[in-house]
Amino acid sequence: MKNSVFPNNFLWGAATSAYQIEGGASLDNKTDSIWDVFCRKKGAIANEETGDIAIDHYHLWEQDLKIAKDLNLKAYRFSISWPRIFPERKKQNMKGIEFYEKIIDTLIQYKIEPIITLFHWDLPKYLQDLGGWANRDVVEDFVEYATYVFDKYKGKVKYWITHNEPWVVANLGYAYGVHAPGIISPELVPKVNHHLLLSHGLAVQSMRSMQPSQVETKIGIGLNLAAIFPANSQLEKDRTAANKFKLEMYDQYLQPLFKGKYPPNLDNKDFIRAGDIEDIKTPVDFLGVNYYTKHNIQSDSNSYSGYKVVEPSPNSFSSMWDFYPEGIFEVINEIHSEYTIKEILITENGTACNHKTSANEEVNDNQRIKYIEEHLKQVARLICEGVPISGYFYWSLFDNFEWAFGYDKRFGLVSVDYLTQKRTIKKSGEWLAQFIESKRRKINSVT
Ligand code: IFM
């Protein structure tokens, strides 16, 4: 790979989300999100863990941002906790605004581009009490929240992501019930999706109408896209199942967002009103792609969806997923040829390495280095093919609360001792810092 493959202004970053790192669950007027509530439900989270304290970023944010700087990051993607900003319906909280303002200002001071995700799953509880994303009224609340936050930071923040991984929100939250709000009603999934997409489109319109002239604004949405294969390509039922899964993970979002239509089987639902699709198709400036792995799909008549994802074979790279770096090339190349997308940011890519036997091994995470390196080779290939990729964000900057898995899965470039809150940069963090620096100096270091 040539050293010039990654452009000079490439956004080398890492990502986090509010509930996974902040803690401060009820500080400074913040009220419960659906994740605060879900974590209290017996058996919902491994070891009954919660994000009440998480990695205490709410108090330790200064040292955390200093670490981001030490890692040479050019960009930092973080999310805003909606119930910190609107602790009650229609009631804003300046303390919440001030908290993120300090973060944004410090990032700017460090010359790190702040990238805001507005919704990374922590819906205010009071909105879930109204039915959550299954209730169309919540769309308006999201637009109000997005507009308010945008108005506060629009002079400082260029990149905005409305939603992170709507597929996960709808499916794990409303069909499988393994994420907040823990609902098992698969029939709600298309409606929840529709409201998420509609709230995205309307928020984009509202934010655009307030766009400042002095700062360029780029607004997008983040989708989780895996490489998808039939578990047994000889079996027609597995091929059909894989196609169905792909339709639900890709087409259900990409078609309305970029082509202004739903796939035929999702069209004509009574909750889709005249004009909705046009609103959803409001042009975005970029698409965020979260890529981690491939999924092998097997037909399964016992599952509501008609399929299941086959458990990955044991591998040294991840305790959760298959190692399939070619997939990031295949997935992005495919969507780039099928849709007109101006700019693509890889908003998440990362691995929770297999559990180590000692703290020392946890920090000497050579597999994670290999994981990043192999994925970056594929990203370089995409750039060489002319795909407009403008950034890569490792997930995650820190070990943190991995939703239903609690603290068991460690994705970080930086290890966190959850008892002492001590941060230790892992070997992968040092590697990425050097890699970014070498790119800056235009020294070829991937191959
Ligand atoms: O931790 C999550 C993140 O919140 C959303 N994308 C996938 C990550 C790893 O599972």
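Every number for a ligand or one of its atoms is a count from 1 in the order of the listing.
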**OP:** List the steps, then state whether salt bridge (Lys or Arg N to Asp or Glu O under 4.0 Å) holds for R40 with D36.
**Re:** CA-CA 7 Å; R40 287 181 210 128; D36 293 299; 5.1 Å; no
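- A distance below 6.0 Å separates the ring centres of F142 and H163.
- Ring geometry for F229 against Y324 counts as perpendicular: the plane angle is over 60°, on a 0 to 90° scale with 30° as the lower cut.
- Within 4.0 Å of ligand 1, the residues that place a heavy atom are Q20, H120, W121, N164, E165, Y292, W321, E348, W395, E402, W403, F411, listed by chain and number.
- Aromatic rings from W167 and H295 are positioned such that their centres are separated by 6.0 Å or more.
- The list of ring pair (Phe, Tyr, Trp, His ring centres under 6.0 Å) pairs with a residue in residues 183-203, not counting sequence neighbours, reads H194-Y262, H194-F271.
- No close placement of the W395 and Y292 rings is indicated, their centers lying 6.0 Å or farther apart.
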